[in-house]
Amino acid sequence: MSDSDKPRQRDTAVVRLENVVKTYRGGEIAVSAVNGISLTIRRQRFTMIVGPSGSGKTTLLNLIGCIDVPDTGRIEVCGDDTGTLSDTEITDFRARNVAFVFQNFNLFPVLTAYENVEYPLLLIGMPEAERRARVNSLLEAVGLGAQARHRPNQLSGGQKQRVAIARALVKHPELVLADEPTANLDSRTGEQIIDLMHRMQHDEKVSFVFSSHDPQLMSRAEDTFVIRDGRLVEQLEGARS
Amino acid sequence: MMRFKIAFRNILRNGRRSLMTGSAIAVGAMAIILFGEFVGFIVVGVQTGTVRNSGHLTVFHSGYMDFGSGNPSAYSIGDYQKVIRLIENDPELKAKINVVTPTASLFGIAGNFTIDTSKTFFAKGLVPMDRQRMGVWDEYRLGHDDSRSALAFSDKNPNHGVIGIGLARVLGLCKPLHIAHCPSPPEAKQAKPVEAPPLDLNLAELSARDRDGAPAGPEETAPRIDLLAATAEGAPNVVSFFVDEAQSQGFKDLDDNYVGMNLVLAQQLLYGRGEHKAVGIEIQLQRSEDLTAARARLETLFRDQGLDLEVRDFTELQPQYLQLVGFLGAIFSFIAIIMGVIVLFTIVNTMTMAVMERTNEIGTARAMGVRRGGIRDQFLLEGWMLGTIGATFGVILASLIAVSFNHLGVTYTPPGNVHPVPLQLLTHGVRGLLVSVWGGLMLTATIASVIPANRAARLRVVEALRHV
């Protein structure tokens, strides 16, 4: 049994960061995006990372989501030290345990809503009957059962983000990362998306981490990490627990 | 299945670009196939002409090819009918053979003594009926035959035959043979015979003697010439020869020297009252693909029977055939390579643009858990699919064009030919060409996708996601 297969309840932390540093270098200019952050994200919580634009939220989410590697420090996701995994192992790890909701939705334009949601299940080799039931269930849950055959260009921004949420949750991952999921939506739709994410997080019992530069959304999160200039400046736990 | 779906939909997604790329592949496929079919037609046309004229294989007395022309008696095949029966009755060869026919070839002097003119000639003695059968050989279904030229003389009139137009012109036979655009020799340029030393042989007397000995037949209307040659023993011999027709031979040298005569007459001229032999035995097979097997069997047969004979195929006797095949093959390869390179760069360009445009999608897929290999395979699949679609359309269109072209009835006169023949694109037996072009372009398109596909696979996830 690999570390990732360990029972979820054994550890209350889904993510642990220890003194993580990430610096981007463009020519002679070095920009410190994450500067020695240590934090623990609790399992099955609705967690928010908040901070102004350029504070390092996206970089932090990328590091947690194992799509970027730190210069120094240690990152543990779902009990695995991600720094010890090869590219293929980390890719397979993401396929099983981590899902993303992007600011720009990032749906595959050539696939229908149904196929977009189905895609992650193909990567983990789920049988077709089970896959079909799961996809339909998730699309119904996000209110898009009737739009299953629509391509992304036939959907509104809010509908696209609902598909993206369904796609993230369909494989029942340990961890869902949403990078500014409401940034490209109007405020009313953004509110609905936050509500949906929270409801789905509760229903699916997954750990949900989303970033935003809007401090007003802090009231919606259970745990909140405030970062500025690549540093963790405040940590609020159990706000809605 | 999902990978195929994504690949196909992405091809449709950039419809205009895919159409242009597919068109380039299709045009490449059409160019290669149509030129290949043209080359194929030329090659089988030349092969057909050669095989109709001299068969696939010729049996000679051993050493004839090297020394036979200097001593035809020593290098002729005696009792050749027995050899022919041996060949025709061999169970292995029987099914493969179409015609087995003896031939004789000789050199001599042709004279039209009514106007005191003469010219050296080269003659081939043939069996007219066999020639007629050989002339309709059409393995590649080219649809035309050379039997008419063989019919110009027949077995019934052994001292009748044909000569080259050039020879007819020199011998002053333009008018009696009704040859168009054929000037008579100017009087002033005719050689004066008075200064020449007297010959031991009186040609006119020999000619008269031959005529007196010839069987009485119906009154001849064809112009007569006299043919003088040395017999195998070296004695002079002369026969009367009635020219039924002057035929263009395609080459001036042949035109000025050729005499086509009945084998019986050639043997009479070459061997006199001695044993009538054959210089060669020509064998026309049913199918050219049996050539190697038939040759091997003949050699075994002769060895087993203790016959001092050798077998040559038409490519050895007509070396220009292989030169032509090599030449056309080189041009075909050149065009195929150019088309392949064009397709290669078109696909590289298309796939590179696809990778650039879909960088964000690549990042998304990688973030979701698609391995580098999966990304690479996706783009390779798209390249393969583009190549397959383009090549398939190319093959279909080329086939339609070829069939349509063949119905136009275009004709041309190939080198060495006299009469125009249909110019067609070879549509029979070209399955190998079609499959090769189809598979080759498919493979080229896939190989062309390797670099862009690898570039896509190597993209860093974060950078790909950041790409706008």
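Chain naming here is simple, since letters A, B, ... match the order of the sequence lines and numbering starts at 1 in each.
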*If you take all heavy atoms of B:Met2 and A:Glu115, which pair is closest and at what distance?*
CE-O, 3.8 Å
*Between A:Ala95 and B:Gly369, what is the shortest heavy-atom contact and its length?*
CB-CA, 3.8 Å
*Where do A:Asn106 and B:Leu465 land on the side-chain contact (heavy atoms from CB on, under 4.5 Å) test, with the steps shown first?*
CA-CA 9 Å; A:Asn106 288 23; B:Leu465 282 171; 3.4 Å; yes
*asked:* Pair B:Met1, A:Glu128 - check side-chain contact (heavy atoms from CB on, under 4.5 Å), show working.
replied: CA-CA 12 Å; B:Met1 192 60 196; A:Glu128 190 185 353; over 6 Å; no
Please indicate whether [X] has more than 12 foreign heavy atoms, meaning atoms of other residues, nucleotides or ligands, lying under 6.0 Å from its [atom1].
X        : atom1 : answer
B:Tyr140 : OH    : yes
B:Arg17  : CZ    : yes
B:Arg287 : CZ    : no
B:Phe332 : CZ    : yes
A:Ile29  : CD1   : no
B:Phe393 : CZ    : no
A:Leu85  : CG    : yes
A:Tyr24  : OH    : yes

Chain A contact via [X] - which portion, at a heavy-atom distance below 4.5 Å:
X        : result
B:Arg13  : side chain
B:Arg460 : side chain
B:Arg466 : side chain

_Closest-packed option against chain B by number of heavy-atom pairs under 4.5 Å, given A:Ile90, A:Leu122, A:Asp68, A:Ile124_ = A:Asp68
*Taking A:Val98, A:Thr59, A:Asp87 one by one, which has the highest count of heavy-atom pairs under 4.5 Å against chain B?*
A:Asp87
*Pairwise distance CG(A:Leu111) to CD(B:Glu361) - rounded to 0.5 angstrom*: 8.5 Å
_Could you measure the distance from the CZ atom of B:Arg366 to the OG1 atom of A:Thr91? Nearest 0.5 Å is fine._
4.0 Å
*Let me know which of B:Ile6, B:Thr364, B:Asn10 forms a side chain to side chain contact (heavy atoms under 4.5 Å, CB included) with A:Phe108.*
B:Thr364
